[in-house]
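I have placed the structure first, in the form of structure tokens, so that the comments after it can refer back to it.
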Amino acid sequence: MHQLGIDISANTVARLLHGMRFSLRVNRKSVATQSSPDRNQQFDYIASLRKRFKRQGLPIISVDSKKRELVGNFKNNGSKWDLAPVKVNDHDFRSDSKGVALPFGVYDLTANLGAVFVGVSHDTPAFAVHSIAQWWQREGAARYRNSSKILILADGGGSNGSRPRAWKTELQSQLSNRFGLTVTVAHYPTGASKWNPIEHRLFSEISKNWAAEPLTSYQKVLNFIRTTTTKTGLAVSAYLDRKNYDKGQSPDAETWDNLGLTRAKILPSWNYSISPQL
């Protein structure tokens, strides 16, 4: 326009662009680069499992680990209304923290209730299953008094992934044998973790609730989790787990060989049940 001898301001350009439905945009992560060829089949199978368990009034939970947080005066992503910005440390050094917070969540799909167990050591299969067992003992057993079966929806990787043997043996000892539960597990395919209900129904709400708030203490972490609510009635409980969980633990051959594991006919590496050992 300047070459034509016409001066135009940035505001005018912005107004014209808005009129043509242009706007400032950021990159959106939506292109799946590791999509499994069995993705659709697994989604259909999970849908059928959910329908069957719901029809029978059986518990359905979605589980996963949330991002590790440093506990201390560190920047937390997001923004909030305030009179002035909160001053935080200019570097996120582990040595300046009071420890780490490792939230492991259990989301009850039927009741729209969440429970988060905040670990302080390592995110391991033993920690993941201990969190689920604690949820059942504290909340689930009373909510589903006559249930001897439970459906767990989990990601394909991490401490509750489909590959770690310890995940299955811990489910056997800590959950199935201890409470007499037949545990059915269905894993989401690689690259599909965002479809796991806990991600968008629980974890995203917690992140919004503590956005731009430095997590300066474990009590503050727990308080923000406990005060997370939604208009649809979500309520969340939170517990601190100070137990130490060592990394790299693997079941011995005898424990693995005696596992009460039954694999499904459909995609058996992702779908299986663990029955109580009598």
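By convention here, the first residue in the shown sequence is residue 1. All heavy atoms count here, side chains included; hydrogens, waters and symmetry mates do not.
When side chains are defined from C-beta on, Asp44 does not count as touching Ile266, because their heavy atoms never get closer than 4.5 Å. Between Arg165 and Leu259 there is no side-chain heavy-atom pair separated by less than 4.5 Å. In this structure, Tyr245 and Ser159 have side chains that are not in contact, with every pair of non-hydrogen atoms separated by 4.5 Å or more. In this structure the side chain of Glu199 reaches within 4.5 angstrom of the side chain of Asp155, judged on heavy atoms. The closest side-chain heavy-atom distance from Arg201 to Leu109 is below 4.5 Å. The side-chain heavy atoms of Gln42 and Ser36, taken from C-beta on, include no pair separated by under 4.5 Å. For the pair Leu175 and Ile152, the minimum side-chain heavy-atom distance is below 4.5 Å. Between Trp256 and Thr169 there is a side-chain heavy-atom pair separated by less than 4.5 Å.
The line from CG of Leu267 to CG of Asp38 is 5.0 Å long, rounded to the nearest 0.5 Å. If you take CG on Asn76 and OG on Ser79, they are separated by 11.5 Å, rounding to the nearest 0.5 Å. Atom CG of Leu234 sits about 7.5 Å away from atom CG of Leu113, to the nearest 0.5 Å. Note that the CZ atom of Arg39 and the OG1 atom of Thr190 stand 10.5 Å from one another [nearest 0.5 Å]. For the atom pair OG of Ser275 and CD of Gln277, the computed distance is 9.5 Å after rounding to the nearest 0.5 Å. Distance check: Glu69 CD to Leu102 CG gives 9.5 Å after rounding to the nearest 0.5 Å.
Transitive grouping of hydrophobic side chains (ILVMFWY, heavy atoms separated by less than 4.5 Å) keeps Ile274 and Trp270 in distinct clusters. In terms of hydrophobic clustering, with Ile, Leu, Val, Met, Phe, Trp and Tyr side chains grouped at heavy-atom distances under 4.5 Å, Phe127 and Val221 are assigned to different clusters. At a threshold of 4.5 Å between side-chain heavy atoms, the hydrophobic network of Ile, Leu, Val, Met, Phe, Trp and Tyr places Phe74 and Val88 in two separate groups. In terms of hydrophobic clustering, with Ile, Leu, Val, Met, Phe, Trp and Tyr side chains grouped at heavy-atom distances under 4.5 Å, Ile132 and Leu240 are assigned to different clusters. Side-chain heavy atoms closer than 4.5 Å link hydrophobic residues (I, L, V, M, F, W, Y) into clusters, and following such links, even through other members, never connects Leu153 to Tyr144.
Between the side chain of Asn196 and the backbone N or O of Val63 there is at least one donor-acceptor pair closer than 3.5 Å. With hydrogens and angles disregarded, no donor-acceptor distance shorter than 3.5 Å links the side chain of Glu170 to the backbone of His130. Of the possible donor and acceptor atoms, none in the side chain of Gln134 sits under 3.5 Å from a partner among the backbone N and O of Val129. Listed for the Asn112 side chain is a donor-acceptor partner under 3.5 Å among the backbone atoms of Thr232.
For the residue pair Ser217 and Lys98, the shortest heavy atom distance occurs at CB-NZ, 4.5 Å. Between Thr124 and Asp246, the closest heavy-atom pair is CG2-O, 3.7 Å. Heavy-atom minimum distance, Ile198 versus Val106: CD1-N, 3.9 Å. Scanning both residues, Val100 and Leu70, for their nearest heavy atoms gives CG1-CD2, 3.9 Å. Closest of all the heavy-atom pairs between Arg94 and Gly99 is NH1-CA, 3.9 Å. Heavy atoms only, all atoms of each residue included: Phe53 and Ile150 are closest at CE2-C, 3.7 Å.
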Side-chain donor-acceptor pairs of residues 202-214 under 3.5 Å, sequence neighbours excluded:
| from | atom 1 | to | atom 2 | distance (Å) |
| --- | --- | --- | --- | --- |
| Ser204 | OG | His200 | O | 3.0 |
| Glu205 | OE1 | Lys208 | NZ | 3.3 |
| Glu205 | OE2 | Lys208 | NZ | 3.3 |
| Ser207 | OG | Lys66 | NZ | 2.9 |
| Ser207 | OG | Phe203 | O | 3.2 |
| Asn209 | ND2 | Phe224 | O | 2.7 |
| Asn209 | ND2 | Thr227 | OG1 | 3.1 |
| Asn209 | ND2 | Thr228 | OG1 | 3.3 |
| Glu213 | OE1 | Lys220 | NZ | 3.3 |
| Glu213 | OE2 | Lys80 | NZ | 2.8 |

Donor-acceptor pairs under 3.5 Å, side chain of residues 178-185 to any protein atom, not counting sequence neighbours: which ones?
| from | atom 1 | to | atom 2 | distance (Å) |
| --- | --- | --- | --- | --- |
| Arg178 | NH2 | Gln137 | OE1 | 3.3 |
| Thr184 | OG1 | Ser273 | OG | 2.9 |

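Checking Tyr239, Phe104, Trp135 one by one against Phe117, the ring pair (Phe, Tyr, Trp, His ring centres under 6.0 Å) holds for a single residue, Tyr239.
Salt bridge present: Arg143 and Asp108 bring a charged side-chain N and a carboxylate O closer than 4.0 Å.
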Glu254 vs Asp257, side chain to side chain contact (heavy atoms under 4.5 Å, CB included): CA-CA, chis, key distance, verdict: CA-CA 5 Å; Glu254 182 179 358; Asp257 290 341; 5.8 Å; no

Derivation and outcome, side chain to side chain contact (heavy atoms under 4.5 Å, CB included), residues Tyr188 and Phe43: CA-CA 8 Å; Tyr188 283 87; Phe43 271 92; 4.0 Å; yes

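Between Tyr272 and His187, the ring planes lie tilted relative to each other; the angle falls in the 30° to 60° range.
Around the CD atom of Gln56, the shell of radius 6.0 Å holds more than 12 heavy atoms that belong to other residues, nucleotides or ligands. Counting non-hydrogen atoms of other residues, nucleotides and ligands closer than 6.0 Å to CZ of Arg263 gives a total above 12.
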